[in-house]
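Keep in mind that what you see is a predicted model, and the values were worked out from it rather than measured. Positions are given from 1, in the same order as the sequence printed here.
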Amino acid sequence: MRTRVRGWRWRRNPLRRRSDVVEAWTVLTVALLLFLVAPLAGAVVGWWAHDDARAVASEQRAERHQVRAAVVGEVPDSRPTVHSGRERSYRVSVRWTEPGGGVRTAEARVPAGTRQGAEVDVWFDSRGRNVDPPPDGTAIWQHTVTMGACGAGAAIAVILLGHSVVRGAAGRHRLAEWEREWALTEPQWSRRRA
C-alpha cells in the first residue's frame with residue numbers, strides 16, 4: 001500500500017532536492033498563469049478584436065448601401081454554385097429605382113428559391129458592385145469571442161510549453177544529481193572500488 005504525503009516538496013527534509021523545489025514553484029507559477037494570465041490575454045485579444053470588428057463594420061456601413069430590388073433575370077433551376085456566407089445564392093439580374101427616380105439594373109446574389117419578380121434586399125458598394133451586407137452586432141460578437149478564445153488558447157499553449165521545458169530541464173538535472181550521488185554511494189554498496 002502506498003502512502004502519499006502532500007506538500008513534501010515544500011517541507012524541509014533530507015530527501016528534498018533543489019530540483020524538487022524548482023518543480024514545486026513551477027507548478028504553482030503555471031497554475032497562477034493558467035488561471036490569471038491566460039484569461040486576461042483572452043480578454044485583451046477579444047477587446048482588441050471587438051474594437052477592430054466594430055471599426056470595419058462601421059466603415060463598411062458607410063461605404064455600402066442596401067436597396068430593395070425586384071428580380072428580373074431568369075432564375076436557374078440547377079443548384080446554386082455561389083455561396084453568400086452560409087446561405088446558397090444565385091447571381092441574377094435585379095432592378096430597382098434610385099432615390100432620384102432613375103431605374104437601375106445590375107447583377108446581384110439572391111437567396112436560393114427566389115422567383116422572378118420577387119422583391120429582395122441587396123447590398124452594393126460605392127462602385128456599384130454587389131457585396132455582402134456589413135457585419136451586424138451578432139457577427140461582431142462572434143468574431144470577438146472567437147478571437148478571445150484563440151488568444152486565451154495561445155496563452156495556455158505557451159504556458160504549458162514553458163512548463164514542459166522547465167520540467168524537462170529539472171528532470172535532466174535530477175538525473176545528473178542521481179548519477180553523481182550514485183557514483184559516490186555505489187562503491188560502498190557493491191564493495192567495488194571506484
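Taking NE2 from H143 and OG1 from T138, the interatomic distance works out to 14.5 Å, rounded to the nearest 0.5 Å. Rounded to the nearest 0.5 angstrom, L40 CG and W47 CH2 are separated by 10.5 Å. A distance of 10.5 Å separates OG1 in T144 from CH2 in W48, rounded to the nearest 0.5 Å. Interatomic distance, T105 OG1 to W96 CH2, rounded to the nearest 0.5 Å: 7.0 Å.
Judged as a side chain to side chain donor-acceptor pair (under 3.5 Å), and not counting sequence neighbours, D52 has no contacts. Not counting sequence neighbours, the partners of W141 by the ring pair (Phe, Tyr, Trp, His ring centres under 6.0 Å) test are H50. Every residue was checked against the side chain to side chain donor-acceptor pair (under 3.5 Å) condition with R104, not counting sequence neighbours, and none meets it. Applying the ring pair (Phe, Tyr, Trp, His ring centres under 6.0 Å) test to W178 and every residue at least two apart in sequence or in another chain returns nothing.
Other residues, nucleotides and ligands contribute more than 12 heavy atoms inside 6.0 Å of the CZ atom of R68. Sparse packing is recorded around CD of E179, with 12 or fewer heavy atoms of other residues, nucleotides or ligands lying under 6.0 Å away.
With 3.5 Å as the limit, one finds no donor-acceptor pair spanning the side chains of E23 and W25.
The shortest side-chain heavy-atom distance between Q60 and E63 does not fall under the 4.5 Å cut-off.
Listed by first and then second residue, the salt bridge (charged side-chain N to carboxylate O under 4.0 Å, His left out) pairs that reach into residues 133-142 come to none, sequence neighbours excluded.
Minimum heavy-atom separation, R61 to P134: CG-CG, 3.5 Å. Minimum interatomic distance between A118 and T114 (heavy atoms only, all atoms of both residues): CB-CG2, 3.8 Å. Across all their heavy atoms, A108 and V122 have their closest contact at CB-CG1, 3.9 Å. Of all non-hydrogen atoms in A38 and A155, the two that sit nearest each other are CA-CB, 3.9 Å. Scanning both residues, I140 and A57, for their nearest heavy atoms gives CD1-CB, 3.8 Å.
The cluster map of Ile, Leu, Val, Met, Phe, Trp and Tyr, joined by side-chain heavy atoms under 4.5 Å apart, puts L33 and L160 in the same cluster. Linking Ile, Leu, Val, Met, Phe, Trp and Tyr residues whenever their side-chain heavy atoms come within less than 4.5 Å leaves V67 and V72 in two separate clusters. Residues I156 and M147 do not share a hydrophobic cluster, defined by chaining ILVMFWY side chains whose heavy atoms lie under 4.5 Å apart. In the hydrophobic cluster analysis, where Ile, Leu, Val, Met, Phe, Trp and Tyr join through side-chain heavy atoms closer than 4.5 angstrom, V166 is grouped apart from L34.
The closest donor-acceptor contact from the side chain of S164 to the backbone of L161 lies under 3.5 Å.
Between D132 and R109, at least one side-chain N (NZ, or NE/NH1/NH2) sits under 4.0 Å from a carboxylate O, which counts as a salt bridge. Classification of R64 and D125 as a salt-bridged pair fails, no side-chain N sitting under 4.0 Å from a carboxylate O.
Chaining together hydrophobic side chains whose heavy atoms lie under 4.5 Å apart places W123 alongside V131.
If you run side chain to side chain contact (heavy atoms under 4.5 Å, CB included) between V110 and each of N130, D121, V71, only V71 comes through.
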